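I have placed the structure first, in the form of structure tokens, so that the comments after it can refer back to it.
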2 protein chains.
Amino acid sequence: MLKKRNVMTIGTLAKTAGVGVETVRYYQRRGLMSEPEKPYGGIRHYDEQALARLHFIRASQWLGFSLDEIGELLTLQDGAHCDEARELGEQKLTSVRRKISHLQQIERALNELVQKCSAGHGDVYCPLMASLNDGVEDATTDKHKVR
Amino acid sequence: MLKKRNVMTIGTLAKTAGVGVETVRYYQRRGLMSEPEKPYGGIRHYDEQALARLHFIRASQWLGFSLDEIGELLTLQDGAHCDEARELGEQKLTSVRRKISHLQQIERALNELVQKCSAGHGDVYCPLMASLNDGVEDATTDKHKVR
DNA sequence: ATTGCTTCCGTAGTGAGGTACGGGTTTAAG
DNA sequence: CTTAAACCCGTACCTCACTACGGAAGCAAT
């Protein structure tokens with residue numbers, strides 16, 4: 001007797017993977033997961049592959065890939081496209097590094113402003129506000145778009 | 001004769017500040033800028049204060065403040081609320097630091113994966129893909145929500 | 001058999017920060 | 001005087017990743 005191992009409903013699948021039912025359905029609509037055929041009049045069941053797919057998606061998301069990019073990664077699943085996968089990884093790495101250095105600039109500027117505020121100053125005057133009014137002295141004088 | 005210095009239309013104002021006209025109008029709707037009274041049947045004009053306000057908003061945004069937070073900062077404009085402003089700055093600083101360290105974890109994980117891919121490996125197998133399938137070994141074994 | 005939780009399915013709403021559209025008025029240039 | 005820009009205004013739409021809603025039907029326990 002073949003025990004169909006770990007057959008799950010969508011609810012169980014979602015809970016096991018730590019996502020919401022709606023999220024699974026959303027991934028299906030996005031084409032990131034397939035919808036299993038449903039036995040006539042009944043309820044779809046999901047197996048470990050579906051669970052693995054969900055894990056794949058969440059792991060990729062954690063690395064900063066968007067759902068569109070994850071769709072692309074999924075087409076490289078067979079392991080025969082390592083170069084393409086690495087390329088995507090490298091692009092993401094570059095963008096992560098850009099974000100880090102942008103945030104570090106902000107960190108420096110903000111830290112300086114907060115320090116100045118903390119160092120008690122005499123009168124009715126706030127260094128932080130003053131800087132916001134005059135333009136924050138961007139540490140590297142490097143103009144960045146906000147978005 | 002008083003020369004009303006630098007009276008601008010919304011278009012000039014926007015261009016000078018480097019934002020779109022629609023953006024200025026959007027800030028007005030959000031209550032971050034006031035709409036000057038318009039001379040009967042005519043076109044509103046904006047002065048240097050409006051421009052300064054726009055600079056304030058962009059500087060604050062650059063530091064990572066949301067438009068809601070900027071609204072709050074703007075109520076502290078008189079310089080008499082330095083403590084509150086500093087408090088907001090410190091909170092933002094904390095959140096910026098959290099983002100940086102999160103991104104640094106990602107940077108480490110992604111870098112490792114990309115390195116492994118680059119180090120030529122024999123057969124049809126991709127270390128990056130394998131990690132996505134098995135779960136990325138999060139450097140600090142610290143579970144993060146993706147959002 | 002009745003209650004009550006799931007599932008199924010489509011559609012719509014959220015939040016952030018805008019951007020675009022369309023129709024009507026001004027104003028400046030030629 | 002005519003035309004082209006620029007302004008006014010409200011409303012709708014955009015991205016991203018979900019999340020919520022509502023009604024019908026299935027399934028599990030009492």
Side-chain angles (χ1 to χ4, degrees), chain A residues 7-47 50 53-54 56-74 92 95 99 144-147, chain B residues 7-47 50 53-54 56-74 92 95 99 144-147:
Chain A
V7 166
M8 295 171 273
T9 67
I10 196 173
T12 314
L13 172 70
K15 192 170 295 174
T16 307
V19 303
V21 168
E22 301 302 327
T23 303
V24 174
R25 287 180 32 68
Y26 175 67
Y27 291 164
Q28 291 173 337
R29 289 199 297 276
R30 291 280 304 233
L32 299 177
M33 299 186 63
S34 55
E35 292 187 63
E37 292 303 315
K38 67 172 177 182
Y40 286 103
I43 279 171
R44 300 178 205 283
H45 37 62
Y46 296 82
D47 61 8
R53 174 60 60 99
L54 232 22
F56 183 100
I57 294 171
R58 301 308 273 195
S60 305
Q61 268 190 314
W62 186 81
L63 287 175
F65 290 98
S66 70
L67 295 185
D68 277 354
E69 289 167 332
I70 293 168
E72 201 173 343
L73 282 174
L74 285 167
K92 191 51 60 180
S95 93
K99 279 183 202 165
H144 273 277
K145 281 264 173 189
V146 167
R147 300 186 64 194
Chain B
V7 165
M8 296 171 272
T9 66
I10 195 172
T12 314
L13 172 70
K15 192 170 294 175
T16 308
V19 303
V21 169
E22 300 304 325
T23 303
V24 175
R25 288 181 32 71
Y26 175 66
Y27 291 164
Q28 290 173 337
R29 288 201 296 279
R30 292 279 306 233
L32 298 177
M33 296 186 65
S34 54
E35 291 188 65
E37 291 305 315
K38 69 172 174 180
Y40 289 100
I43 281 174
R44 300 178 205 283
H45 37 63
Y46 296 82
D47 61 7
R53 174 60 60 97
L54 230 23
F56 183 100
I57 294 171
R58 302 308 274 195
S60 305
Q61 267 189 317
W62 186 81
L63 288 175
F65 290 98
S66 70
L67 296 186
D68 278 355
E69 289 166 332
I70 293 169
E72 201 173 342
L73 282 173
L74 285 168
K92 192 50 60 181
S95 93
K99 279 183 201 162
H144 273 276
K145 279 270 173 188
V146 168
R147 300 186 66 196

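The structure presented is a predicted model; accordingly, all values stated were derived computationally and were not measured. Chain naming here is simple, since letters A, B, ... match the order of the sequence lines and numbering starts at 1 in each.
Atoms CD (Glu69(B)) and C1' (dG15(C)) sit 14 Å apart, rounded to a whole Å. Atom P of nucleotide dT19(C) and atom CG of Leu67(B) are separated by 11 Å, given to the nearest angstrom. Rounding to whole angstrom units, OH of residue Tyr26(A) and P of dA20(D) are separated by 15 Å. Separating the CH2 atom of Trp62(B) from the P atom of dG17(C) is a distance of 17 Å, rounded to the nearest angstrom. Distance, Asp68(B) CG to dA16(C) P: 6 Å, rounded to whole Å. Rounded to an integer number of Å, the gap from Ile57(A) CD1 to dC16(D) C1' is 15 Å. The separation between Gln61(B) atom CD and dA16(C) atom P is 13 Å, rounded to whole Å.
Residue Gln28(A) places none of its side-chain N or O atoms closer than 4.0 Å to OP1 or OP2 of dC18(D). The side chain of Thr23(A) contributes no N or O atom lying less than 4.0 Å from OP1 or OP2 of dA17(D). Taking 4.0 angstrom as the limit, Tyr27(A) places a side-chain polar atom (N or O) nearer than this to OP1 or OP2 of dC18(D).
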Are there any protein N/O atoms within less than 3.5 Å of an N/O atom in nucleotides 5-11 of chain C, and if so, which ones and at what distance?
unit_1: dT7(C); atom_1: OP1; unit_2: Thr9(A); atom_2: OG1; d: 2.4
unit_1: dT7(C); atom_1: OP1; unit_2: Gly11(A); atom_2: N; d: 2.9
unit_1: dC8(C); atom_1: OP1; unit_2: Arg44(A); atom_2: N; d: 2.7
unit_1: dC8(C); atom_1: O3'; unit_2: Lys38(A); atom_2: NZ; d: 3.4
unit_1: dC9(C); atom_1: OP1; unit_2: Lys38(A); atom_2: NZ; d: 3.1
unit_1: dC9(C); atom_1: OP1; unit_2: Arg44(A); atom_2: NH2; d: 2.9
unit_1: dC9(C); atom_1: OP2; unit_2: Arg44(A); atom_2: NE; d: 3.1
unit_1: dC9(C); atom_1: OP2; unit_2: Arg44(A); atom_2: NH2; d: 2.1
unit_1: dG10(C); atom_1: N7; unit_2: Arg25(A); atom_2: NH2; d: 3.3

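The side-chain contact (heavy atoms from CB on, under 4.5 Å) search around Leu67(A) returns Tyr26(A), Tyr27(A), Arg30(A), Leu32(A), Ile57(A), Gln61(A), Ile70(A), not counting sequence neighbours. Residues meeting the salt bridge (charged side-chain N to carboxylate O under 4.0 Å, His left out) test with Glu22(A), sequence neighbours left out: none. Not a single side-chain contact (heavy atoms from CB on, under 4.5 Å) links Ser34(B) to another residue, sequence neighbours left out. Under the side chain to side chain donor-acceptor pair (under 3.5 Å) criterion, Thr12(B) pairs with Thr9(B), not counting sequence neighbours.
Applying the salt bridge (charged side-chain N to carboxylate O under 4.0 Å, His left out) rule to pairs touching residues 31-45 of chain B yields Glu35(B)-Arg44(B), sequence neighbours excluded.
Each of Val7(A), Leu54(A), Val21(A), Val19(A) was compared with Leu13(A) under the side-chain contact (heavy atoms from CB on, under 4.5 Å) criterion, and only Leu54(A) meets it.
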